[in-house]
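Read through the structure below, which is laid out as structure tokens, and then see the notes.
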Amino acid sequence: MKNRQIAELFERLADALELKGESVFRVNAYRKAGRVLRDLTSDIEVLHSEGKLKEIPGIGEGISKKIDEYLTTGKMSKYVEATEGIGEELLDLLGVQGLGPKTLALAHDKLGVMNLEDLKKVIGDGALARLPGMGEKRIENIVKGIDLFEKAKGRMPLGKAVPIAREIVEAIKSEKGLKEISPAGSLRRMAETVGDIDILAAGARRLGIVKSFTQLPFVTDVLASGDTKGSVMIDGETQVDLRVVKRAAYGAALQYFTGSKSHNVKLRTMARAKGLRLSEYGIFKGAKKIAGAKEEDVYGALGLSWIPPELREDRGEVEAAQSGKLPALVEEVDILGDLHVHSSYSDGSSSIAELAAAAKKLGLKYIAICDHSKYAKYAGGIDEKALARQAKEIDELNERLRGFRVLKGIEVDILRDGSLDFTDHILEKLDIVVASIHSGFRQNVTQRMMRAMRNPHVDVISHPTGRLISRREGYEVDIQAVIKTAAETGTALEINAYYDRLDLNDLNAKKAKEMGVKMSIGTDSHGVETLWFLSLGVGVARRGWLEGKDLLNSLDADDLLRRNK
DNA sequence: GCCGTTTTCGGCCCGACTGTTTTCAGTCG
């Protein structure tokens with residue numbers, strides 16, 4: 001799959017052209033093409049060979065020719081031409097807050113700035129300040145931007161942002177005058193990583209609401225505080241913004257601050273075509289406001305049904321809403337159990353009884369204990385004897401439990417030759433077999449997974465790509481081929497909900513669904529405190545357009561066992 | 001460069017803020 005590398009090429013091309021002062025519309029066209037290619041689940045090379053490039057939205061005559069050139073010759077002359085005399089390092093500087101394309105181009109043209117070093121130098125010696133339109137404040141602002149750029153802690157995983165947002169909402173929701181409050185932004189969309197945490201509130205006494213927010217005990221720094229917005233740092237590393245609006249604009253503001261940007265642009269374009277204007281204050285016909293208090297009304301005014309936040313990425317959700325074809329997305333209440341949990345038998349920290357009690361408290365009906373198998377020594381993998389002991393303990397526990405059931409499972413290693421770490425004789429006695437790769441990430445991963453899927457006792461392939469969010473790329477695996485085999489063998493693919501995995505991700509889950517593959521959410525918990533990650537998994541599933549019926553977890557325990565026979 | 005229930009040409013999202021300016025350009029979200 002060359003999708004990502006071509007997407008990157010167009011994104012870089014857009015940056016380079018922007019720096020050269022090319023028409024913003026052309027720049028945006030390239031940028032959009034980049035985004036669409038990044039999101040594409042089909043293989044660009046296949047579409048190319050079938051002559052279907054122009055069927056991709058945002059790809060027309062010019063861009064399809066450039067893709068063709070790149071795929072046939074290995075280079076794109078437009079890119080080479082546009083980036084001549086411009087290095088990667090210069091383009092990277094567009095990421096500095098307060099330094100936009102115009103200013104950067106000026107610094108490049110007049111002062112020969114090529115990278116961060118140069119930029120710091122021309123600030124230090126006052127050369128930048130002497131350029132037209134530059135003043136003391138702007139320089140100061142750029143210096144701040146450089147500071148942030150260098151720290152660049154980047155985005156935090158969703159699993160870290162969610163508890164912070166919940167805690168803040170909990171802490172201020174009973175504030176006097178507050179009528180509505182909700183997380184917004186990428187967190188509300190359940191994107192896998194989150195930049196700043198955005199929270200939106202509505203009500204009277206707005207100043208007081210902001211004040212109670214900036215005075216929360218875990219706030220370490222107040223960046224801004226007014227009667228419509230407060231901005232703070234939590235624990236010195238996480239920025240949280242609270243905006244407070246009037247109730248009459250809450251829906252429009254929530255829609256606006258939830259994004260995504262491309263989803264919003266699409267809606268505004270639609271509004272314009274209908275002679276309307278959409279902003280964070282509402283939908284207007286001339287000077288008359290026709291919607292704004294509720295999100296449903298904003299979408300309604302555009303002739304759309306309400307679109308769940310997780311879908312708002314301009315991946316076809318607006319068209320689906322227009323034709324009444326939005327999926328009935330899976331909800332947390334549809335999820336009856338967690339299908340991948342570790343106990344203290346292997347490297348977990350909680351006993352099976354503790355896990356069962358905690359899961360029951362979360363409203364679940366069952367959990368599957370899937371400890372590591374013996375090959376995974378580093379993770380305290382268990383052998384056949386320990387597995388038998390565990391089975392006995394689970395039987396005894398199930399005798400006592402009411403309205404809850406513990407399933408006997410295993411996370412069995414797929415070995416280097418594609419065989420499994422336990423014999424079929426052992427596996428067939430279990431309620432659920434989850435198979436995964438923990439070694440040889442570059443050795444025939446696709447073939448090994450396929451072999452595992454053809455074993456009739458294997459029910460689920462765990463974390464199928466092996467990626468760790470912002471830490472590890474993942475296995476060398478042909479995920480398309482894995483999905484295809486899963487469809488043939490009826491094996492489920494896991495949406496591993498552990499916060500730094502989320503694997504399958506949203507796009508792969510969507511692809512798998514389209515190919516008729518069932519999925520299984522498992523938290524991969526190693527203790528009771530991470531069982532809540534199930535909601536992260538539901539987030540991924542919803543972002544992948546999944547409905548309850550696409551997930552094994554929506555089956556009750558008896559139906560699940562029948563399926564796994 | 002893309003695209004079409006205003007269009008095959010002429011548009012292309014919206015508003016706030018800031019700083020450097022006498023009316024607006026640049027940047028951001």
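The chains referred to below are lettered A, B, ... by the order of the sequence lines, with proteins before strands, and numbering in each begins at 1.
- When rounded to the nearest whole Å, the span between CG of A:Leu19 and P of B:dG26 equals 13 Å.
- For B:dG11 and B:dC17, the C1' atoms lie 27 Å apart once the distance is rounded to whole Å.
- Residues from residues 26-35 of chain A with heavy atoms under 4.0 angstrom of DNA chain B, sorted by number: A:Arg26, A:Ala29, A:Tyr30.
- At the heavy-atom level, A:Gly98 lies under 4.0 Å from the strands shown only through sugar-phosphate atoms.
- If you take CG on A:Asn505 and OG1 on A:Thr465, they are separated by 7.0 Å, rounding to the nearest 0.5 Å.
- When the C1' atom is used for both B:dT18 and B:dT23, the distance is 15 Å, rounded to whole Å.
- Not one side-chain nitrogen or oxygen of A:Thr103 sits closer than 4.0 Å to the OP1 or OP2 atom of B:dG26.
- Between A:Arg138 atom CZ and B:dT21 atom P the separation is 10 Å, expressed in whole Å.
- Summarising the local packing, CZ of A:Arg4 is surrounded by 12 or fewer heavy atoms from other residues, nucleotides or ligands at distances under 6.0 Å.
- For B:dG15, its base never sits under 3.5 Å from the side chain of A:Tyr281 at any donor and acceptor pair.
- In this model, the phosphate group of B:dC28 is not approached by any side-chain N or O of A:Lys261 to a distance below 4.0 Å at OP1 or OP2.
- Contact detail for A:Gly177 and A:Arg205: the closest heavy-atom pair is CA-CD, 4.4 Å.
- Taking the C1' atom of each, B:dG1 and B:dT8 are spaced 15 Å apart, rounded to whole Å.
- Closest to the side chain of A:Glu61, out of B:dG1, B:dC2, B:dG29, is B:dC2.
- Atom CZ in A:Phe25 sits roughly 17 Å away from atom P in B:dG4 (whole-Å rounding).
- Residue A:Lys229 is classed as having no contact, given no heavy-atom separation below 4.0 Å to the nucleic acid.
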Worked verdict on A:Lys54 versus A:Glu61 for salt bridge (charged side-chain N to carboxylate O under 4.0 Å, His left out): CA-CA 7 Å; A:Lys54 282 201 272 184; A:Glu61 191 66 35; 2.7 Å; yes
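- For A:Leu106 and B:dA25, the CG to C1' distance is 13 Å, given to the nearest whole Å.
- Taking atom CZ of A:Arg268 as the reference point, atom P of B:dG15 lies 7 Å away to the nearest angstrom.
- OP1 or OP2 of B:dC14 lies within a sub-4.0 Å distance of a side-chain N or O belonging to A:Arg272.
- Two residues, A:Gly58 and A:Leu104, neighbour DNA chain B, and the one matched to the more 5' nucleotide by heavy-atom proximity is A:Gly58.
- As judged by a 4.0 angstrom heavy-atom cut-off over every strand, A:Val36 is placed among residues making no nucleic acid contact.
- Annotation: of the two residues near DNA chain B, A:Arg243 and A:Ile59, the 5′-most nearest-nucleotide partner is A:Ile59.
- Summarising the geometry, the separation between NZ on A:Lys54 and P on B:dG4 is reported as 13 Å, rounded to the nearest angstrom.
- Distance noted for atom C1' between B:dC13 and B:dT27: 16 Å (whole Å).
- Rounded to a whole angstrom, the distance from the P atom of B:dT6 to that of B:dC12 is 14 Å.
- Ring geometry for A:Phe533 versus A:Tyr498: interplanar angle over 60°, hence perpendicular rather than tilted (30 to 60°).
- Here B:dC24 sits opposite B:dG19 as a Watson-Crick or G-U wobble pair (both hydrogen-bonding atom distances under 3.5 Å).
- B:dT20 and B:dG26 have their C1' atoms separated by 11 Å, with the value rounded to a whole Å.
- If you check B:dC28, B:dC14, B:dG26 against the side chain of A:Lys102, the one that comes closest is B:dG26.
- Backbone-only engagement by A:Leu278 is indicated by non-hydrogen atom pairs under 4.0 Å involving sugar-phosphate atoms exclusively.
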Working for salt bridge (charged side-chain N to carboxylate O under 4.0 Å, His left out), residues A:Glu11 and A:Arg35: CA-CA 8 Å; A:Glu11 284 158 3; A:Arg35 180 180 60 79; over 6 Å; no
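- Around atom CD of A:Glu473, no more than 12 heavy atoms belonging to other residues, nucleotides or ligands sit under 6.0 Å away.
- The residue A:Phe257 sits apart from the nucleic acid: no heavy atom pair falls under 4.0 Å.
- Distance from the side chain of A:Tyr256 is smallest for B:dG29 among the nucleotides B:dG29, B:dC14, B:dC13.
- When rounded to the nearest whole Å, the span between NZ of A:Lys274 and C1' of B:dG4 equals 15 Å.
- With a 6.0 Å radius and a threshold of 12 heavy atoms from other residues, nucleotides or ligands, A:Lys20 has its NZ atom above the threshold.
- Counting heavy-atom neighbours within 6.0 Å of A:Lys511 NZ, excluding the residue itself, gives a total above 12.
- For A:Lys266 and B:dC12, the NZ to P distance is 17 Å, given to the nearest whole Å.
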